Amino acid sequence: MPYVTVDPGVSVFYEDWGEGDRYIFTSQIYLDYYAGYARELSKRGYHVIAVQMRGYGRSSRVPQTDNASDCWVPDLLKVADHLGVKQFAYTGISHGSSLGFKLMEDYPDRILGYAGVVCGPKLKGNHPSSISWRERDVARAATEEGWRERCEENRRNTLAQIRPYHSEYWKDQIRKYADADYENSMHLDKSERVMTFGRGSEDRLDTEEKLIAWMKTVTTPVIIFGGMKDPIVVPEAMFRTAQNIPHCKMVMYGDCDHGVSIAHGEDLVNEIDNFFRERKVFEK
């Protein structure tokens with residue numbers, strides 16, 4: 001199995017989907033085998049590398065710390081270096097999408113294009129604009145009954161993402177994903193159930209003014225996707241990003257919350273493929 005040692009005693013697992021040198025990297029807690037738009041992109045001629053974040057799944061278990069997410073970008077780059085990949089596009093969902101912004105900020109020479117799904121970034125300052133699903137999960141993990149209720153609720157929410165206009169293939173993918181995610185979640189060990197991301201990266205962009213000033217300097221082609229009913233990454237955060245990153249394209253879905261990648265996965269594949277081709281992301 002493909003593993004890369006990223007720190008002494010710590011290795012991360014990755015999946016390799018597709019072939020060729022048009023690399024798209026993504027980083028996730030749990031790799032999506034069904035209804036996964038990133039994996040579907042490998043069928044469009046992209047070489048997708050999906051890295052499982054440390055602390056989860058087949059990657060090394062690590063102690064709970066207050067800065068777990070600080071490791072995500074260095075881990076991803078070590079996998080890329082291991083594979084000999086100098087430049088790549090990046091895509092991610094929610095917590096995984098934050099890597100795209102950090103790559104553009106700190107390693108702009110390595111990222112060719114960015115597709116962020118429900119990506120924000122969240123509004124800086126005292127904005128009562130988001131909820132923490134990780135904190136809620138940790139609370140429900142206190143009892144087996146609470147955890148089972150959480151898993152059943154997630155399964156129902158996933159199935160609710162099926163739309164009448166979906167192809168039969170995508171409907172089947174969502175059903176399989178709902179079942180697989182339920183089974184996987186029920187069999188998670190205690191450390192995975194309660195693992196949190198910590199405080200997040202304490203970067204220099206700690207105010208809206210600093211974040212917006214940096215966004216105006218971005219030269220990476222950027223496309224972002226959001227849901228108008230999202231309580232986690234609110235639409236206002238997405239609008240702010242689209243307004244300030246030069247030539248950014250934003251796609252908003254009026255019938256969706258935080259589950260954009262499931263409800264509109266087929267559309268994401270088409271939009272990202274078209275965007276990367278239009279902006280000649282892999283021709284530089």
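As the structure is a computational prediction, the values presented were derived from the model and not from experiment. Atom set for the values below is all heavy atoms of this structure, side chains included, hydrogens, waters and symmetry mates excluded.
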Undergrad: What are the two closest non-hydrogen atoms of V4 and K78, and how far apart are they?
TA: CG1-O, 4.0 Å
Undergrad: Is any side-chain heavy atom of L211 less than 4.5 Å from a side-chain heavy atom of P121?
TA: yes
Undergrad: Please determine whether side chain to side chain donor-acceptor pair (under 3.5 Å) holds for the pair D179 and Y34, giving the CA-CA distance in whole Å, both sets of side-chain angles, and the decisive distance to 0.1 Å.
TA: CA-CA 10 Å; D179 291 340; Y34 302 105; over 6 Å; no
Undergrad: Using 4.0 Å as the upper bound for N to carboxylate O, is an ion pair formed by E145 and R148?
TA: no
Undergrad: Would you check if there is a donor-acceptor pair between the side chains of Y90 and S27 at a distance under 3.5 Å?
TA: no
Undergrad: Is D255 salt-bridged to R163, going by a charged N under 4.0 Å from an acidic O?
TA: yes
Undergrad: Give a yes or no on whether a salt bridge exists between K124 and E209, defined as a side-chain N under 4.0 angstrom from a carboxylate O.
TA: no
Undergrad: Kindly assign one of parallel, tilted or perpendicular to the pair Y23 and H47, based on the angle between their ring planes and the thresholds 30° and 60°.
TA: parallel
Undergrad: Got a salt bridge between E153 and R150, using NZ or NE/NH1/NH2 to carboxylate O under 4.0 Å?
TA: no
Undergrad: Go through it in stages, so that I can follow the logic: the residues are M53 and D75, the test is side-chain contact (heavy atoms from CB on, under 4.5 Å), and I'd like the CA-CA distance, side-chain angles, deciding distance and then a yes or no.
TA: CA-CA 8 Å; M53 295 168 175; D75 288 353; over 6 Å; no
Undergrad: Which pair of heavy atoms, one from D32 and one from G36, lies closest together, and at what distance?
TA: CB-CA, 3.8 Å
Undergrad: Using a strict threshold of under 4.0 Å (side-chain N to carboxylate O), is an ion pair present between R39 and E15?
TA: no
Undergrad: Let's go through D81 and R110 carefully: what are the C-alpha distance in whole Å and the side-chain angles of both, what is the deciding distance for side-chain contact (heavy atoms from CB on, under 4.5 Å) to 0.1 Å, and is it a yes or a no?
TA: CA-CA 11 Å; D81 292 342; R110 301 205 66 171; 2.9 Å; yes
Undergrad: Using every non-hydrogen atom in the two residues, find where P235 and G227 come nearest and quote the distance to one decimal.
TA: CG-O, 3.9 Å
Undergrad: Just say parallel, tilted or perpendicular for the rings of W214 and F101, cut-offs at 30° and 60°.
TA: perpendicular
Undergrad: Please determine whether a side-chain nitrogen of the Lys or Arg among D181 and K176 lies less than 4.0 Å from a carboxylate oxygen of the Asp or Glu.
TA: no
Undergrad: Any salt bridge linking R193 with D189? Criterion: basic side-chain nitrogen under 4.0 Å from a carboxylate oxygen.
TA: no
Undergrad: Could you walk me through whether R155 and E152 satisfy the salt bridge (Lys or Arg N to Asp or Glu O under 4.0 Å) test, starting with their C-alpha distance in whole Å, then the side-chain angles of each, then the deciding distance to 0.1 Å, before giving a yes or no?
TA: CA-CA 5 Å; R155 185 176 185 279; E152 290 175 348; over 6 Å; no
Undergrad: Could you go through the side-chain contact (heavy atoms from CB on, under 4.5 Å) check for F225 and I272 one step at a time?
TA: CA-CA 10 Å; F225 302 87; I272 293 170; 3.8 Å; yes
Undergrad: Any ion pair linking K43 and E40 (charged N to carboxylate O, less than 4.0 Å)?
TA: yes
Undergrad: Going by heavy atoms in the side chains, are S60 and Y3 under 4.5 Å from each other?
TA: no
Undergrad: What about the rings of Y177 and Y33, do their centers lie closer together than 6.0 Å?
TA: no
Undergrad: Classify the ring geometry of F276 against F282: parallel below 30°, tilted from 30° to 60°, perpendicular beyond 60°.
TA: perpendicular
Undergrad: One pair to check against side chain to side chain donor-acceptor pair (under 3.5 Å): Y37 and T91. What are the steps and the verdict?
TA: CA-CA 10 Å; Y37 77 94; T91 188; 2.6 Å; yes
Undergrad: Is any side-chain heavy atom of I24 less than 4.5 Å from a side-chain heavy atom of I49?
TA: no
